[in-house]
Protein chains: 2
Amino acid sequence: MAKTEPSPKAILDLDRMVHEPARLAILTVLASAEEVAFLFLQRVTGLSKGNLSSHTQKLEGAGYLETVKVFQGRIPATSFRITEDGRAALRAYHQQLRGLLPKEGKP
Amino acid sequence: MAKTEPSPKAILDLDRMVHEPARLAILTVLASAEEVAFLFLQRVTGLSKGNLSSHTQKLEGAGYLETVKVFQGRIPATSFRITEDGRAALRAYHQQLRGLLPKEGKP
DNA sequence: TGAAACAGGTTTTCTATGCAAACCTGTTTC
DNA sequence: GAAACAGGTTTGCATAGAAAACCTGTTTCA
């Protein structure tokens, strides 16, 4: 009996940090692995290096991921892992999306 | 057996015209009514006039809605209706979202 | 009756964001 | 040992969204 139409105002409350497609893609990948290398992330998302770098910095600033810099032999390599906050934000975002999707088979 | 993880690259293909929350809210409202008055739309979305005006102009430019100007008595009033293209775009967008949502109850 | 407030929008301005290109540091290759 | 390359970061530019200013016509009410 509950009206399942999403409140239009709720849509405006979507977490922009997650809503941006590039960052959503990044978080989605990070959510399914312990730790992800920069280059792998770049390949799988198709983002340019510069782009990827700036988005991960924003996500780090938001506390949604942490950057791990290690040396492989003597060359430096960057990896990322999602934080608990990041995971929570992603889950919350998914819930918001579910809320705004019609139940299926709308006219 | 099908892996239900969304392809990260697919996320980057989301239709930006619809993805923007303000416009998604507008289209969502328009999709559930024949014709919607400017002021009603403003109240239900919570957008400012200027904002609403510019977003509806963009949606009109994209062919997703049409603007209807009528006189009520002697004062002019603006309404909108979603076009077939707009409806199709919204549906397609919903499908994309469904594709990227995890099946529920992810760890 | 006429100045002031108001309704209904549109246009302009400001700011921030995403994207691409340029740049930097250290390593191999030839 | 110069040149190409890997792995990122910083800079610069173009666009988009939000807020503010503006415009036209209409009531209000002193």
Side-chain angles (χ1 to χ4, degrees), chain A residues 8-9 11-30 35-62 64-81 89 93, chain B residues 8-9 11-30 35-62 64-81 89 93:
Chain A
K9 285 187 186 170
I11 299 178
L12 278 294
D13 290 334
L14 284 166
D15 182 348
R16 302 274 191 162
M17 182 60 63
V18 180
H19 192 60
E20 162 62 31
R23 289 192 294 263
L24 179 55
I26 292 171
L27 286 179
T28 300
V29 175
L30 292 190
E35 187 168 326
V36 176
F38 186 100
L39 283 193
F40 177 80
L41 198 49
Q42 191 197 338
R43 295 219 171 75
V44 75
T45 59
L47 292 166
S48 71
K49 303 168 179 190
N51 232 286
L52 179 54
S53 179
S54 74
H55 281 302
T56 53
Q57 284 181 34
K58 271 179 196 169
L59 286 167
E60 182 170 33
Y64 289 179
L65 64 75
E66 55 187 26
T67 304
V68 183
K69 302 221 172 233
V70 295
F71 276 84
Q72 303 202 340
R74 72 231 303 180
I75 87 176
T78 303
S79 299
F80 307 99
R81 33 176 90 219
Y93 180 76
Chain B
K9 285 188 185 168
I11 299 178
L12 278 294
D13 290 334
L14 284 167
D15 181 349
R16 301 279 229 222
M17 183 60 65
V18 181
H19 191 59
E20 161 62 30
R23 289 190 296 263
L24 179 55
I26 291 170
L27 286 179
T28 300
V29 175
L30 292 191
E35 187 168 326
V36 177
F38 186 100
L39 283 194
F40 177 82
L41 198 49
Q42 192 196 340
R43 295 217 171 78
V44 75
T45 60
L47 292 166
S48 72
K49 303 167 180 190
N51 233 283
L52 179 54
S53 178
S54 74
H55 281 302
T56 53
Q57 283 181 34
K58 271 179 198 170
L59 287 167
E60 183 170 32
Y64 288 179
L65 64 74
E66 55 187 26
T67 303
V68 183
K69 302 217 172 239
V70 294
F71 275 84
Q72 304 201 339
R74 74 231 300 180
I75 86 176
T78 303
S79 300
F80 307 99
R81 30 177 92 219
Y93 180 76

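Letters go in sequence order (proteins before strands), and every chain restarts at 1.
Near DNA chain D, meaning a heavy atom under 4.0 Å from it, residues 16-27 of chain A has R16(A) in order of number. Within residues 42-53 of chain B, the residues approached by DNA chain C to less than 4.0 Å at the level of any non-hydrogen atom are K49(B), G50(B), S53(B), in residue-number order.
Not counting sequence neighbours, D13(A) has no partner by the side-chain hydrogen bond (donor to acceptor under 3.5 Å, both in side chains) test. For F38(A), there are no ring pair (Phe, Tyr, Trp, His ring centres under 6.0 Å) partners two or more places apart in sequence or in a different chain. Residues passing the side-chain hydrogen bond (donor to acceptor under 3.5 Å, both in side chains) test with Q42(B), sequence neighbours excluded: none. With sequence neighbours excluded, the residues that form a side-chain contact (heavy atoms from CB on, under 4.5 Å) with R43(B) are L39(B). Remark: A89(A) pairs with D15(A), V18(A), Y64(A) by the side-chain contact (heavy atoms from CB on, under 4.5 Å) rule, at least two apart or across chains. Under the side-chain hydrogen bond (donor to acceptor under 3.5 Å, both in side chains) criterion, T78(B) pairs with K69(B), not counting sequence neighbours. Taking S79(A) as the reference, nothing meets the side-chain hydrogen bond (donor to acceptor under 3.5 Å, both in side chains) condition, with sequence neighbours excluded.
Considering only side-chain atoms of K58(A), the nucleotide from dT10(D), dT17(C), dA16(D) that sits closest is dT17(C). Relative to the side chain of T78(B), the nucleotides dT11(C), dT9(D), dG9(C) differ in distance, and dG9(C) lies closest. With dG8(C), dG8(D), dT11(C) as the candidates, the nucleotide lying closest to the side chain of L39(B) is dG8(C).
One atom, CG of L12(B), and another, P of dA20(C), lie 10 Å apart when rounded to the nearest Å. As rounded to whole Å, 14 Å separates atom P of dT10(C) from atom CG of L59(B). The nearest whole Å value for the distance from the CZ atom in F71(B) to the P atom in dA7(C) is 19 Å. Between Q57(A) atom CD and dA16(C) atom P the separation is 18 Å, expressed in whole Å.
Between the side chain of T45(A) and the backbone N or O of L41(A) there is at least one donor-acceptor pair closer than 3.5 Å. Checked by atom type and distance alone, the side chain of H19(A) pairs as donor or acceptor with a backbone atom of H19(B) at under 3.5 Å.
Side chains of E35(A) and V68(A) form a contact here, defined as non-hydrogen atoms less than 4.5 Å apart. Within the 4.5 Å cutoff, the side chain of L12(B) has heavy atoms near those of the L47(A) side chain. Between Q57(B) and S53(B), some side-chain heavy-atom pair lies under the 4.5 Å cut-off.
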Footprint string (nucleotides 23-28 of chain D, 5' to 3'): B base within contact, S backbone only, - free, heavy atoms under 4.0 Å: ---S--
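For the pair S54(A) and S54(B), both in contact range of DNA chain C, the more 5′-proximal nearest nucleotide belongs to S54(B).
Phosphate contact (OP1/OP2 of dT17(C), side-chain N/O of H55(A), threshold under 4.0 Å): absent. Not one side-chain nitrogen or oxygen of K69(A) sits closer than 4.0 Å to the OP1 or OP2 atom of dG8(D).
Residue pairs meeting the salt bridge (Lys or Arg N to Asp or Glu O under 4.0 Å) criterion with at least one member in residues 20-29 of chain A, sequence neighbours excluded, are E20(A)-R16(B).
Residue I26(B) forms a side-chain contact (heavy atoms from CB on, under 4.5 Å) with just one option from L30(B), L24(B), V29(B), and that option is L30(B).
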- line: Dot-bracket assigned to DNA chain C with the 3.5 Å Watson-Crick/G-U criterion, [ ] for crossing and | for other-strand pairs, is ||||||||||||||||||||||||||||||
